Every structure is written in C-alpha cells, then in structure tokens.
Amino acid sequence: MLVGQIILAQGNVFIKELLRSAGVRIGTTKADFERNLMDAIDNGVLRREDIEAWLVEVEGWGNQHIYLFKVPSIIAKDSIWLDQAKVEKKITASGFANIWNAPVSFEFPEQQKLTGIQFDGSNLRLTWHQGQSWLVRDKTKDYGQEIDGDEYEFQAYRRRAERAVMHFEMVLPLRLAAIFIQTPWGEIEHETALKEVSKIASSIFDFDSLEEYKVSLAIKHLDQLGLDDQQGQYGIQPSMARLDSPGAYVEFGSVGEKSYQDFTPVREVRRALKPAYFTGNKSDFMFSAAPKNALSRKIRVTFYGKDDRIRLWMQMKAREVWEILRMIKTHG
Amino acid sequence: MGSPNWDQLKAHHDPRLIKTLTLLFSTPGPLEITAKFLSERTSVAENECSRLLEELAASGLLIQTENFACTQCERLLTKEEVQGDEVCPYCEHPFAEKKPIIVHRFIREAPRTRDIIWMLTLHGMNTRGSWQEDLNWLVSRSYGRMVPVAIYKYGIVRPGAVLRFRQRALVRGLIARIRRLSGETRAAGFGSMPDVIAHSFGTWLLGHALRADPTLRVGRVILAGCILRPDFDWKELIDRQQVQAVLCHVASKDGWSGIAHYVIPDSGPSGRQGFNDRMNIRHAVLRGGHHSDFFRLDLMPGLFARVWQPFLTGANGKGNVIDPGLPEPNWSQAWWPLRATVFRFFVLAIVSGLVLVILLAVAFGLVDLWKSF
C-alpha cells in the first residue's frame with residue numbers, strides 16, 4: 001500500500017505523532033507502527049485528509065539542501081499576489097491546470113515529476129516527487145523447501161519505497177524564497193534540479209529577479225553572532241567555521257557537540273580575527289531552542305559559501321525549517 | 001568540580017603531565033581532554049596519561065565518556081550517525097575504508113566564560129588617575145588579543161564635585177564620551193558596550209550618567225572607592241539592561257568615601273560599607289585598604305587576577321558571596337542639614353574663607369615687604 005510506504009518512510013518521531021493525533025495505539029518498533037497504521041487506515045480511524053495534512057507538514061522537510069533567495073519588492077508587491085484568481089489564471093495559462101491546488105500526491109513516479117502547485121494568499125509552493133525503491137533483507141520470511149529431492153533455501157527481501165521531494169516555496173510575508181532538494185549533493189544533479197525549478201517558476205513570475213542569498217556572508221555574520229551572544233539568547237552556535245582570505249584560510253572547530261566558541265583559548269583566537277578581511281567558506285551550526293527563536297530542539301545546519309547552499313541534517317517539520325530560514329535571514 | 005591536589009599527584013605521576021594539566025585546569029570554561037592529546041603535548045606515554053586522567057575521573061574532578069569518532073576528521077559521532085550513514089556526516093570519509101573508533105574523553109563541565117571586549121576607566125576627583133595607565137598596561141599583557149582600554153580624564157574637579165551645575169556638566173561630558181567611544185569601537189568591529197572600572201568620583205559620574213540617560217549601556221562595572229549612595233538603585237539599571245552586573249570593591253579603611261556624603265550631593269559611603277542591595281550587587285572587600293589602595297602597583301595585579309578578572313569573565317556576574325568583612329547593609333542618609341545640602345556650602349565658605357585669608361596674608365606681606373625697601 002503506497003500510502004503506508006510514504007508514511008513509514010518518515011521519521012519515527014513524526015509517525016508516532018500522527019498515530020497519537022488519531023488516537024491510535026503507537027507501539028515501539030517500526031513493525032508495530034506499520035501494523036497499527038494499516039489497521040487505523042483500514043478501520044477508517046485515520047482518514048485521507050489527516051494523512052494529507054500531516055504529509056504537507058512533514059514530507060520533504062529537513063534532511064535536504066536549500067538554495068535561499070530574497071524576494072525583491074518588484075515581485076513581493078506585484079498585484080497578482082493579491083488576487084488568487086489571477087494566480088490561478090496565470091498557472092492555468094502555463095499549462096498546469098491539472099495540478100493547481102492538487103491534493104497531496106501518493107504517486108511514486110520513476111522520473112522527477114511536478115505534482116502540485118499551491119498558493120494560499122501568501123505562500124506559493126511547487127512540489128516535485130520522485131519515487132525510488134530498494135530491497136531490505138527480512139530473515140523472518142526465509143524458508144527452506146525440498147524441490148525434486150533437493151533442499152532449497154529461500155532468502156527473503158522486502159521491497160521498500162521512498163519518495164524524494166523537491167519544493168520551491170516563496171513566502172511573501174518573509175520576503176524569502178527557497179528551493180529544497182533532497183537529492184544527494186552533486187554539482188550536475190543540483191544544477192539540473194535548479195534549472196527545472198527556474199523553468200517552471202518563470203512561467204508564473206519573474207524568477208530571475210529573485211536575489212540569491214549570499215551564504216558566505218551568513219557564515220560570517222552567524223559566527224559573529226555566536227561570539228557576541230554571550231547570554232545564549234539566539235541559540236545559534238558554530239561547531240566549525242572555515243574563513244578564507246586570499247591565498248590562505250583559518251578553520252575553527254570543536255570535536256564534540258559543544259561550540260568551538262565555548263572553549264576560551266580558541267575563542268580568544270577567534271576574537272583576534274577581523275571578519276572584514278575574511279570570506280565564509282563553510283560552517284557547521286547547531287540551532288537550538290533559545291529565548292529569541294521558536295525552536296524546540298537542536299538542529300544541525302551546514303553552510304556552504306562557495307555554492308550558496310544550506311544543508312539541514314535531520315527530518316523536520318515545515319514550520320521548523322522556515323523558523324531556521326527566518327533566523328538566517330534576520331541574523332545572517 | 002574543584003581543583004586537584006597537584007602536590008599529591010606529583011608524587012606518583014610524571015611532572016610534565018602535572019605541569020600541563022595545571023595549566024589546562026587553570027583555564028576557565030569547559031575542558032575536554034583525551035590521553036592521546038595529553039601524550040602528544042607532553043611526550044609522556046599514552047597509558048600513563050590515561051592512568052592520571054582516570055584517577056582524576058575517579059576522584060570526581062573529570063567525567064569520563066566514551067564516544068565514536070571519525071578517523072579522518074576526528075569529529076565525535078553519535079550512535080545514529082555511525083549506524084545510519086556509510087560516510088562521516090562531517091567530512092564524508094567513507095566508513096568502509098576505516099570504521100569509526102572509540103574515544104575516551106575526560107570532561108570538565110563548565111559554562112562558557114565571558115569576553116572583555118573593551119574597557120573604560122574613570123578616575124577620581126583628586127587625581128589625574130595615573131593608575132589608568134598602569135591598568136591599561138596590565139590588561140594589554142593579560143590576553144592573547146587586543147582589549148582596548150579607553151582612559152577618560154576629566155581633570156581635577158575638587159570644587160566642581162560639590163556644585164550641582166558642574167556635576168551636571170561632567171555627567172553630560174561622560175555620556176558624550178561613552179557614546180563617541182562606543183560608536184568608534186562598533187565601527188572597528190568590536191562591540192559597542194564597554195566594561196567599566198571606576199574609582200571614587202568616577203563611580204559617582206558613571207552611576208549618574210546611566211541614570212540621566214536611559215539609552216546609555218555598559219557591560220560589567222567594577223566600582224573601587226565608590227562614593228555612590230549605598231541605596232543607589234542599580235537593580236533598576238540592571239533591569240533596564242543598561243548595566244549587566246556590578247562589583248563593588250570595598251576598602252575597609254576608606255576615609256574619603258565616608259566623608260563624601262557630607263560634601264558631595266547625592267553621594268554616600270558605598271566604598272566603605274558596600275551597597276544595601278546584596279542580591280544584585282556583588283561585593284569584595286580589601287581588608288585594611290584605603291580609598292586608593294586598589295591601584296597600588298604592588299596590589300593591583302593580584303586584585304585584577306583574583307577578583308576583577310573572574311568577575312568580568314565569569315559566566316554569571318550576579319551571584320554574590322558575602323564576605324564576612326563587609327558591614328551590615330543598613331545605611332540610611334544623614335539628617336538633611338548635615339548631609340551635602342547646606343553643609344557643603346558651609347564647607348565651601350570655610351575653604352573659600354581660608355583661601356581668602358591666605359591670599360590677604362600674602363598680599364599684606366608683600367605690601368610690608370615693599371614698604372621695608
């Protein structure tokens with residue numbers, strides 16, 4: 001059952017949340033989740049709308065690469081966004097009438113496929129899906145059988161399917177847009193994905209007017225924020241930062257879970273550095289719950305200055321991802 | 001966690017290890033050591049290093065932990081990271097080539113220390129504050145990086161300190177100076193808030209400047225020979241985030257601070273008996289010390305290392321250890337004719353009268369001298 005496969009591909013913490021919200025017994029292992037989930041769907045306890053709402057919040061968020069853009073006034077103040085009918089007309093005219101405000105797709109397309117375009121008055125979202133499947137060994141289903149006098153051993157593999165999700169989302173109130181890619185990093189693969197987003201989005205608005213977010217600057221600013229935030233008000237702590245100057249570079253890092261800035265001798269060295277002479281190359285930050293953000297857990301984020309890429313390292317919810325992007329926009 | 005008994009440890013461990021660990025333990029903030037690190041640093045065999053670290057862990061001075069680490073980048077990895085990925089999530093080194101290894105770490109948990117970004121020093125009314133230069137030199141030698149020290153000199157203001165209009169002008173001057181310096185440090189990439197070390201009338205000026213301008217902000221403040229009223233409301237300034245924390249360094253024989261209340265308006269003997277608020281203001285006592293003893297060349301380096309620096313760089317500047325040498329917090333102001341209301345004019349009149357008598361005596365003497373020729 002495809003729906004079940006999509007659900008089970010999400011993180012345990014999110015599956016538990018779905019089952020809990022439906023009042024279904026949770027269990028402890030993935031097998032328990034699967035059994036209880038299927039029962040809940042069969043009995044009608046878990047409805048399609050519940051699953052769709054949950055998937056919109058969970059699937060394709062976190063564990064991904066992000067290319068961030070600032071939305072300039074020329075796009076944000078375009079009158080088209082004030083009238084949903086105008087947006088619909090534009091999208092229909094571009095040949096995407098069949099996926100305008102489409103419900104969440106449960107498809108596993110072999111090739112990456114645009115499966116939905118949504119606009120709710122302030123957020124424009126484009127979603128692509130691509131299915132992939134692989135075999136997982138399951139010894140519990142092995143068996144032996146005698147055939148024509150010979151002993152045969154049958155070893156069982158279970159086929160598991162997962163979907164890679166790619167999003168483009170423009171959040172007008174935040175004046176931010178971002179492309180979210182779950183495909184593993186590869187220059188060619190990501191370039192192809194970015195071109196695809198650009199092609200589709202350009203048929204709706206002037207995509208080229210979006211300003212690419214300078215990740216190298218964010219590295220420097222967030223690293224400095226960690227240094228100056230002695231009270232831990234912002235919850236942004238670098239565990240690694242590589243800062244380049246022409247012909248040489250300096251790299252700060254901690255081996256453990258603490259920030260390198262927690263260690264006085266290394267922080268003293270960092271204090272001696274004048275950021276104006278450096279460019280941010282790469283950094284690892286831990287974003288955690290703090291008085292000046294709305295996060296509730298620790299999330300590791302890597303910044304790549306050279307290709308203006310941000311990497312989230314765990315599955316998250318849409319609102320958590322956007323809270324991180326908001327923090328990056330505000331302080332980076 | 002306390003500090004080990006190094007002398008005892010020296011008896012049965014390599015002195016190179018003890019020397020290195022003494023230095024590491026004296027560094028404030030968290031500490032994470034491995035036997036390998038210690039061995040590389042001291043050239044002592046790794047198993048000997050392990051033996052000492054385990055001994056320290058057994059006595060509760062360090063916490064021993066066991067973690068996976070990538071062999072390539074040496075980053076520590078969680079169990080999930082080791083089991084879930086085929087490559088190191090930090091350096092992308094494939095685990096198939098070399099599996100993560102187990103690392104034993106010895107940890108001292110401590111909160112992150114605070115940095116001094118730049119410092120402002122304010123002298124008293126009786127001197128031009130030569131101690132400011134000595135402190136500047138001391139601070140310059142104490143850190144591996146530059147910590148700018150701004151020295152504010154407003155001159156000798158003996159009569160000015162008792163006159164309201166002159167006080168107001170001095171307060172305005174200090175506000176303008178802090179604003180200018182803050183702008184300059186911000187532009188140079190330092191933070192905009194200075195930590196302040198003030199002495200005598202400098203403490204009065206600072207307190208009143210902060211009260212006069214609610215937008216003025218400073219970091220942590222050290223007051224020596226303080227002449228602010230002991231009921232001065234620092235809490236209000238802390239709550240308004242104008243001040244991060246205050247240390248009042250009391251001198252038990254501070255005579256000037258005791259007199260201030262009777263001649264300088266809105267002042268008091270906080271430099272001798274501390275502030276009434278013991279919850280929000282940290283206090284230290286220089287036993288047998290006089291008004292300006294804090295800045296004596298034989299005392300200042302020790303006070304800086306033992307009292308001022310830990311206050312400025314500690315994670316929390318608020319907590320207070322009540323020194324038994326500190327008088328009870330029960331100060332109240334003197335009967336109004338006695339405090340610096342009419343009494344200061346009386347003092348000013350006496351001083352002016354004395355000056356006049358001296359001038360007249362000199363003049364008459366000169367006239368007599370001229371006549372005798």
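Nothing here was measured: the structure is a model prediction, and the numbers come from that model. Below, read A as the first sequence line, B as the second, and so on, with proteins coming before strands; counting in each chain starts at 1.
For B/Glu74, the CD atom is loosely surrounded, since the number of other residues' heavy atoms within 6.0 Å does not exceed 12. In the displayed structure, A/Ile188 atom CD1 is contacted under 6.0 Å by at most 12 heavy atoms of other residues, nucleotides or ligands. Within a 6.0 Å sphere centred on CH2 of A/Trp185, heavy atoms belonging to other residues, nucleotides or ligands number more than 12. For NZ of A/Lys329, the number of neighbouring non-hydrogen atoms (other residues, nucleotides, ligands) closer than 6.0 Å is greater than 12.
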Do A/Arg271 and B/Ile117 pass the side chain to side chain contact (heavy atoms under 4.5 Å, CB included) test, and can you show the C-alpha distance, the side-chain angles, and the key distance before you say yes or no? CA-CA 9 Å; A/Arg271 280 260 178 227; B/Ile117 308 299; 3.3 Å; yes
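At a heavy-atom separation below 4.5 angstrom, chain B is approached by A/Lys258, A/Gln261, A/Asp262, A/Phe263, A/Thr264, A/Pro265, A/Arg267, A/Glu268 within residues 258-269 of chain A.
Comparing B/Ala315, B/Cys73, B/Pro30, B/Gly144 by heavy-atom pairs within less than 4.5 Å of chain A, the highest count is held by B/Pro30. Interface check for chain A: of the options B/Thr313, B/Asp115, B/Thr113, the most heavy-atom pairs under 4.5 Å are formed by B/Asp115. In terms of non-hydrogen atom pairs under 4.5 Å with chain B, the most contact-rich of A/Ala276, A/Gly232, A/Ser254 is A/Ser254.
Contacts between B/Leu77 and chain A at a heavy-atom distance below 4.5 Å are absent for every atom of the residue. Looking at A/Arg300, only its side chain comes within 4.5 Å of chain B, counting heavy atoms on both sides.
To the nearest 0.5 Å, the span separating CD on A/Gln237 from CZ on B/Arg112 amounts to 5.5 Å.
Listed by first and then second residue, the salt bridge (charged side-chain N to carboxylate O under 4.0 Å, His left out) pairs involving residues 244-256 of chain A are A/Arg242-A/Asp244 (not counting sequence neighbours).
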